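Below: one structure, written as structure tokens.
All values derive from a computational prediction rather than experimental measurement.
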Amino acid sequence: LLVAEQNYYQNNLSMSLSNSYKALTLADSNSNISLKLMIYFLISKITIAQGDNQHFSLIQEKILALRSPKVSSALEHIFAFIDLGLNNLLKGKNSSIENWLEAPQLLNSNIYPVCKSYFLTQYLFYLLRKSDFKTLINTYQESENSLTNNTSPILNIYNYLFLAIAYNQLAEFSRSNNFFRKSLDLAVKAEIIMPFIENFSYLEHFLQKVKAEKISDFAYQNFLEKVTPNYKSNANKIFLSQPPPDLTILTSREKEIALLTASGLSNSDIANQLFIAEITVKKALQNIFRKLQVQNRLSLALLLKKTNPNS
């Protein structure tokens with residue numbers, strides 16, 4: 001799996017897919033659900049980069065099959081991490097997010113430090129897609145000291161890129177350029193290309209500037225030539241190909257509650273708005289989750305967004 005991840009970040013997608021399935025064979029023999037989920041997540045990312053909607057749909061079915069009515073808190077964290085990660089890559093901003101994933105709860109939780117680093121990077125990615133640049137910067141600064149020793153070079157590349165984009169949007173160009181250079185220097189040294197490909201639309205002007213400045217530096221020129229702009233169009237193929245959920249299986253009251261939940265309201269807020277008891281909302285949500293085969297509020301929001309991508 002580690003080799004497959006390295007292949008992915010170096011944009012060697014066919015090798016990454018091959019090694020992912022080798023890892024999956026071993027995970028199957030050990031019945032390790034957590035490991036299977038992370039392998040499926042990586043395969044999902046590969047299929048997004050390739051624009052392979054059939055393969056992507058197949059893997060999402062595999063992930064859904066591992067969801068059960070009662071899962072451990074550790075598995076629930078992994079499911080939420082996958083939901084958030086795929087939403088970041090496919091659809092960008094305007095999504096809901098579980099309260100526990102917000103930075104203070106995340107950083108004070110009992111998740112292993114190395115996992116916190118992964119969650120932090122996904123959370124920064126989420127804030128970037130929301131265009132919440134100040135919160136992105138503040139969140140990184142608040143967590144920097146506690147997570148620095150447990151953050152991999154790949155995650156640092158992503159984090160520095162997100163900071164560069166955020167500072168650029170806030171017109172703090174000196175800081176923006178500094179973080180972009182830090183990210184690029186790490187990436188060229190390790191030949192980590194995918195963070196730049198995934199975020200090409202944000203980075204095009206940075207890349208053009210570096211191409212002009214580093215014209216005689218073969219390592220940089222060779223790296224920059226591999227940063228292609230087709231990721232977004234491939235991701236859109238996947239997103240547009242996913243069928244919207246069948247909401248006809250919900251009652252009219254369940255539809256109301258599902259849509260209000262997806263908009264970010266709490267159970268008590270929904271109860272007050274609909275003039276019903278909070279326990280009624282809770283029971284309705286249990287039925288909604290079961291009928292739509294989702295596990296949490298974030299998954300519900302992502303599913304309902306397919307019925308109206310502009311909402």
Side-chain angles (χ1 to χ4, degrees), residues 1-30 32-66 78-79 81-92 118 121-122 125 152-158 161 183-184 186-204 207 211 218-243:
L1 177 57
L2 291 173
V3 173
E5 285 184 332
Q6 186 76 8
N7 295 150
Y8 172 80
Y9 292 122
Q10 292 178 337
N11 199 28
N12 189 344
L13 300 181
S14 59
M15 185 63 72
S16 181
L17 193 60
S18 174
N19 283 319
S20 295
Y21 276 105
K22 289 179 182 177
L24 190 58
T25 301
L26 295 172
D28 278 335
S29 66
N30 289 287
N32 188 321
I33 296 177
S34 299
L35 198 54
K36 281 185 187 177
L37 285 171
M38 296 316 296
I39 297 169
Y40 284 144
F41 179 47
L42 178 57
I43 296 174
S44 298
K45 293 201 296 182
I46 296 167
T47 58
I48 292 171
Q50 293 174 326
D52 188 343
N53 58 357
Q54 290 184 329
H55 198 169
F56 178 83
S57 297
L58 175 65
I59 296 302
Q60 296 317 293
E61 290 177 8
K62 299 282 190 183
I63 292 174
L64 188 61
L66 292 176
I78 296 175
F79 281 123
F81 176 74
I82 290 172
D83 288 340
L84 178 64
L86 295 182
N87 179 68
N88 282 336
L89 292 171
L90 282 175
K91 288 168 280 187
Y118 277 96
T121 297
Q122 285 290 7
F125 201 174
S152 73
I154 291 174
L155 294 182
N156 277 328
I157 291 169
Y158 276 107
L161 272 185
S183 179
L184 185 62
L186 279 175
V188 170
K189 184 177 180 180
E191 298 182 6
I192 301 299
I193 302 165
M194 191 54 73
F196 295 81
I197 293 176
E198 290 173 356
N199 297 284
F200 184 87
S201 57
Y202 289 102
L203 300 173
E204 193 167 5
L207 296 169
K211 278 185 179 180
F218 176 76
Y220 279 81
Q221 286 298 318
N222 186 48
F223 178 89
L224 294 171
E225 289 300 322
K226 296 176 182 177
V227 180
T228 56
N230 59 347
Y231 184 91
K232 187 175 182 179
S233 61
N234 284 341
N236 283 338
K237 288 180 190 175
I238 303 285
F239 174 52
L240 296 174
S241 70
Q242 300 303 300

Nearest-0.5 Å distance that lies between atom CG in L17 and atom CG in L24: 10.5 Å

Any side-chain heavy-atom pair of E204 and L207 under 4.5 Å: no

Heavy-atom side-chain contact between N234 and I48 under 4.5 Å: no

Parallel, tilted or perpendicular, as decided by the 30° and 60° cut-offs, for the rings of H55 and Y21: parallel

Side-chain heavy atoms of I63 within contact of S44, under 4.5 Å: yes

Closest non-hydrogen atom pair between T228 and F200, with its separation: O-CD1, 4.0 Å

E5 and S16: side chain donor to acceptor below 3.5 Å: no

Stacked cation flag K226 on F223, 6.0 angstrom / 45 deg: no

Shortest non-hydrogen separation from I43 to S20 and the atoms involved: CG1-CB, 3.6 Å

side-chain contact (heavy atoms from CB on, under 4.5 Å) assessment of Y8 paired with I46: CA-CA 7 Å; Y8 172 80; I46 296 167; 3.9 Å; yes

Distance, nearest 0.5 Å, that separates OG of S183 from CD1 of I157: 5.5 Å

Interatomic spacing from CG in L58 to OG1 in T47 - rounded to 0.5 Å: 9.5 Å

Atom pair CG/CD1 of L64 and I59 - distance to nearest 0.5 Å: 12.5 Å

Other residues, nucleotides, ligands: >12 heavy atoms within 6.0 Å of E191 CD: no

Side-chain (N199) to main-chain (P195) donor-acceptor, under 3.5 angstrom: yes

CA sep, side-chain torsions, deciding dist, call: F125, L89, side-chain contact (heavy atoms from CB on, under 4.5 Å): CA-CA 9 Å; F125 201 174; L89 292 171; 3.8 Å; yes

Heavy-atom side-chain contact between L203 and V227 under 4.5 Å: no

Sub-4.5 Å side-chain heavy-atom contact between I154 and Q6: yes

Nearest-0.5 Å distance, CG of residue N236 to CG of residue L90: 8.5 Å

Side chains of L35 and L1 in contact at under 4.5 Å (non-hydrogen atoms): yes

Side chain to side chain, N11 and L13, heavy atoms closer than 4.5 Å: yes

Check against side-chain contact (heavy atoms from CB on, under 4.5 Å), L155 and S152: CA-CA 5 Å; L155 294 182; S152 73; 3.4 Å; yes

Validation row: Y40, L66 side chains within 4.5 angstrom (heavy atoms): yes

L42/K45 under side-chain contact (heavy atoms from CB on, under 4.5 Å): CA gap, chis, key distance, verdict: CA-CA 5 Å; L42 178 57; K45 293 201 296 182; 4.1 Å; yes

Distance-minimising heavy-atom pair for Q10 and A190: NE2-O, 3.5 Å

Spacing of CZ belonging to F196 relative to OH belonging to Y9, to within rounding of 0.5 Å: 13.5 Å

